[in-house]
Amino acid sequence: MTGTAPTHDTAAAPPAKEGGAAPARPPVESPETLRKRARLSRRWQRDVRWSPYAFVSPFFMLFIAFGMFPLIYTAWASLHTVELTAPTDMEWAGLRNYTRIFDDEFYWNAARNTFTIGIISTVPQLMMALGIAHLLNYKLRASNFFRVVMLAPYATSIAAATLVFVLLFGRDYGMINWFLGLFGVDNIDWQNDKWYAQIAVSSIVIWRWTGYNALIYLAAMQAIPQDLYESAALDGASRWKQFLHVTLPSLRPTILFTVVVSTIGASQLFAEPLMFDANKGASGGPQHQFQTLGLYMYEQGWVNQHLGRASAIAWTMFLILIVIGIINYVISRRLRASS
Amino acid sequence: MTTTINKAPVDAVPPEPPKDERRRFGLKAARAGGQHHAGPIAYAILIVFTLVSIFPLFWTAIAASRDNARLAETPPPFWFGANLFDKIEVAWSDANLGEAFLNTTIVAGVSSLTIVFLSTIAGFAFAKLRFKGRNALMLIVIGTMMVPPQLQVIPLYMMVAKLDWTDQLQAVILPSLVSAFGVFFMRQYLLQALPDEIIEAARVDGASSWRVIWHVVFPAARPAMAVLGMLMFVQTWNDFLWPFLVLTQLGNPTVQVAVAGLGRGYTPDQALIMAGALLSTLPLLIVFAIFGKQIVGGIMQGAVKG
């Protein structure tokens, strides 16, 4: 690094070969060194020009093979009749898989369940996360301890968490019913009653992700400039008012982000309802009370062995997500325009 | 109009508020936001949430230390019994957990190392290099975070079936080698952690792109790489759907599939299941106990948008 390093565009300039201060006027160079320098310069320009592509291409190559190709192939498969037993035998079916699932009451049931479980799990989760983040944002003893411990559920696998919650939610001897019994509540059949089962499944999601979202909110809160609070305080705003009028508006982009991420997560809910079922089936309870779209896709594809139909379900899920993404985009644009 | 009605009393307030009012809203509140000390209520709420967070984990260990008869009584046990190590031993052998641990470690290790490497170089390119199509490609990366895994499992399953990879580890490893989140995360980090001047200086000294990566980017990105590695390790360790679909013979599963299999007997031994659940989570909890602070910092780092 020389103090006299040129400030012009480095991409167009050959590297200075010598360290240290360059002489004010270079000596006359032989054609040999000029050629050498030109060659180095060409190689240099090639490097600057193409290396960014070299750096991003492994990601995109893998992504095309294991992300993009499957995406498109699923669309293709959804137009065929394919059986699990012979996945390479495809018979053209047109839109039959789609019309079939739209006439299928279990599909609509699963869509409704996905929606309600999504609401029950996402809304309280994000609201609690917001509250916890607010508390963690105070000056706090042992603040790192609280942060780490609240993230512990995130380290738990879905499989382990669901197995534990199945026991905790047991009808006869479960701890939650025992606890509610202390307040005179009769035993609840968490696995078979529709709404209670959905609440139980949602509680697993809430338990695993609230701490994680709280940390994301906390990070955004700490990025809010202090003087905003100071001027609000000087205007006489109480802490609650400050939260409403300073914290929340500053957090809007983050909140939107977590809403989208949680929505995506909720729409893909699979392992929790699969393992919450006492009969260990893919039906989401004896009356399909908590069968989600993810679970229904699995049932169609891997239990009933209709991969084509499962592909059609997967694509409807994707389309729903695209709609959610567009709504989110519109909302965030409008928010940005208004502020 | 409500605004005028509300405004009137505010205007009527005398310029000098009462003394205790001023103390409440003036001096103290001027140090608002993160500057306030938490009161006892805040601590109480946080402690409740802490207990809720760890109780199920704690209780898993309790349930694993009991037998089924005790678990089928009310009230349920609140403290440890004598069977913990017996149950863990049985779960270990019954669910073939030794092999499962080895497999999961391989899968999670290979995936997270690869993800960290690829994400760092791609994140660097997106953060600091100019090239044609950069914004469009970054948009694709962000867009891919929205693609549900369900859309991918069916063709992947067909691919794996065709390649005859069913029940083999590469079937699990290969699709998990990319992470759009990882690219996004490293880009965000490098945008702020790596000053342009350092790269320029290295360039002026004649460093090729790979030398810049090796001698400038990797050292600068090391903290973020460590955090991303741990996050990805946790994620692949806990992954369920794809291993569950593709490792169908129980001989060669990952920990999650093996533990899920424990619950599928006709007369499930609850304590045994809990022992398996505990075992499957223990390694990550240990990682969290040691590196918790760094992981928390990393998640918060990744959350701040640039």
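In what follows, chains carry the letters A, B, and so on, assigned in the order in which the sequence lines appear, proteins first and then strands, with residues in each chain numbered from 1.
- Taking chain B as the reference chain and counting heavy-atom pairs below 4.5 Å, the highest number among A/Gly131, A/Ala160, A/Ala142 is found for A/Ala160.
- Heavy atoms closer than 4.5 Å to chain B are found in both the backbone and the side chain of A/Trp315.
- Of the listed residues (B/Ile154, B/Leu129, B/Leu118, B/Thr281), the greatest number of heavy-atom pairs within a distance under 4.5 Å of chain A belongs to B/Ile154.
- When heavy atoms are compared at a cutoff of 4.5 Å, B/Phe117 does not approach chain A at all.
- Proximity of B/Met300 to A/Arg147: side-chain heavy atoms (C-beta onward) are separated by under 4.5 Å at one or more points.
- Counting heavy-atom pairs closer than 4.5 Å to chain B, the top-ranked of the candidates A/Phe165, A/Phe243, A/Tyr154, A/Phe69 is A/Tyr154.
- Contact count against chain A (heavy-atom pairs under 4.5 Å) is highest for B/Leu245 among B/Ile140, B/Val212, B/Thr60, B/Leu245.
- In this structure, chain A has heavy atoms under 4.5 Å from both the backbone and the side chain of B/Lys293.
- B/Trp59 is listed as a side-chain neighbour of A/Met175, based on a closest heavy-atom distance under 4.5 Å.
- The environment of B/Ile41 atom CD1 is sparse: at most 12 non-hydrogen atoms of other residues, nucleotides or ligands sit within 6.0 angstrom.
- No donor-acceptor pair closer than 3.5 Å links the side chain of B/Asn238 to the backbone N or O of A/Ile158.
- The aromatic rings of A/Phe55 and B/Trp210 sit perpendicular, their planes meeting at an angle over 60°, well past the 30° parallel limit.
- Contacts between B/Ile47 and chain A at a heavy-atom distance below 4.5 Å involve backbone atoms as well as side-chain atoms.
- Neither the backbone nor the side chain of B/Phe233 comes within contact range of chain A; no heavy atoms are under 4.5 Å apart.
- Only the side chain of B/Val183 comes within less than 4.5 Å of a heavy atom in chain A; its backbone stays farther off.
- A distance of 10.0 Å separates CD1 in B/Ile54 from CE in A/Met150, rounded to the nearest 0.5 Å.
- Within 6.0 Å of atom CZ in B/Arg211, 12 or fewer heavy atoms from other residues, nucleotides or ligands are found, so the atom counts as exposed in its surroundings.
- Two residues are said to be in side-chain contact when any heavy atoms from C-beta on lie closer than 4.5 Å; B/Pro56 and A/Trp207 meet this criterion.
- Contact annotation for B/Thr50: both backbone and side-chain heavy atoms come within less than 4.5 Å of a heavy atom of chain A.
- Ranked by heavy-atom pairs under 4.5 Å with chain A, the list B/Ala63, B/Ala42, B/Pro175 is led by B/Pro175.
- In this structure, A/Trp302 and B/Tyr157 have perpendicular ring planes: the angle between them is above 60°, well past the 30° mark.
- The greatest number of non-hydrogen atom pairs below 4.5 Å with chain A, out of B/Ala122, B/Ser209, B/Gly292, is found for B/Ser209.
- Atom CG of A/Leu62 and atom OG1 of B/Thr114 lie 8.5 Å apart (nearest 0.5 Å).
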Evaluate side-chain contact (heavy atoms from CB on, under 4.5 Å) for B/Gln152 paired with A/Thr74, printing each intermediate quantity in order. CA-CA 7 Å; B/Gln152 293 158 0; A/Thr74 308; over 6 Å; no
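- Interface remark: of the candidates A/Met68, A/Arg141, A/His134, A/Met128, A/Arg141 forms the most heavy-atom pairs closer than 4.5 Å to chain B.
- By the 4.5 Å heavy-atom criterion applied to side chains, B/Phe244 and A/Tyr298 are counted as neighbours.
- Heavy-atom distances place no part of B/Trp237 under 4.5 Å from chain A, backbone and side chain included.
- Of the atoms belonging to B/Val52, heavy atoms from both backbone and side chain fall under 4.5 Å from chain A.
- Note on ring orientation: taking the six-membered ring where Trp is involved, the planes of B/Tyr43 and A/Phe146 are tilted (angle from 30° to 60°).
- In this structure, chain B has a heavy atom under 4.5 Å from the side chain of A/Met297, while its backbone stays farther away.
- The CG atom of A/Leu151 lies 4.0 Å from the CZ atom of B/Phe288; values are rounded to the nearest 0.5 Å.
- Listed options B/Val234, B/Leu177, B/Leu241 were ranked by heavy-atom pairs under 4.5 angstrom with chain A; first place goes to B/Leu241.
- To the nearest 0.5 angstrom, A/Trp50 atom CH2 is 11.5 Å from B/Phe131 atom CZ.
- Proximity to chain A (any heavy atom under 4.5 Å) is shown, for B/Lys128, by neither the backbone nor the side chain.
- Pairing each heavy atom of A/Ala152 with each of B/Leu285, the nearest pair is O-CD2, 4.3 Å.
- With a 4.5 Å cut-off on non-hydrogen atoms, B/Thr120 does not touch chain A at all.
- Among the candidates B/Gly276, B/Ala289, B/Ser53, B/Gly39, the residue making the largest number of heavy-atom pairs closer than 4.5 Å to chain A is B/Ser53.
- Looking at A/Phe270, only its side chain comes within 4.5 Å of chain B, counting heavy atoms on both sides.
- Comparing A/Leu71, A/Val149, A/Ile132 by heavy-atom pairs within less than 4.5 Å of chain B, the highest count is held by A/Ile132.
- Heavy-atom pairs under 4.5 Å with chain B peak, among A/Gly301, A/Pro70, A/Gly170, at A/Pro70.
- With a 4.5 angstrom heavy-atom cutoff, B/Leu231 touches chain A via backbone and side-chain atoms both.
- Within the 4.5 Å cutoff, the side chain of B/Phe49 has no heavy atoms near those of the A/Leu135 side chain.
- If you measure heavy-atom distances from A/Ala77 to chain B, the contacts under 4.5 Å come from the side chain alone.
- Put simply, of A/Tyr73, A/Phe179, A/Tyr53, the one with the most heavy-atom pairs under 4.5 Å next to chain B is A/Tyr53.
- Only the backbone of A/Ala65 comes within contact range of chain B, judged by heavy atoms closer than 4.5 Å.
- At a 4.5 Å heavy-atom cutoff, the contact between A/Val82 and chain B is made by side-chain atoms alone.
- At a threshold of 4.5 Å between non-hydrogen side-chain atoms, the residues A/Leu274 and B/Phe240 count as touching.
- Annotation: the span from A/Leu307 atom CG to B/Met158 atom CE amounts to 5.0 Å, rounded to 0.5 Å.
- The two residues B/Ala125 and A/Pro52 come nearest to each other via the heavy atoms CB-O, 3.9 Å.
- Within the 4.5 angstrom heavy-atom criterion, no atom of B/Ile115 approaches chain A.
- Taking 4.5 Å as the limit, some side-chain heavy atom of B/Leu46 sits within range of a side-chain heavy atom of A/Leu140.
- A distance of 11.0 Å separates CG in A/Leu136 from CD1 in B/Ile45, rounded to the nearest 0.5 Å.
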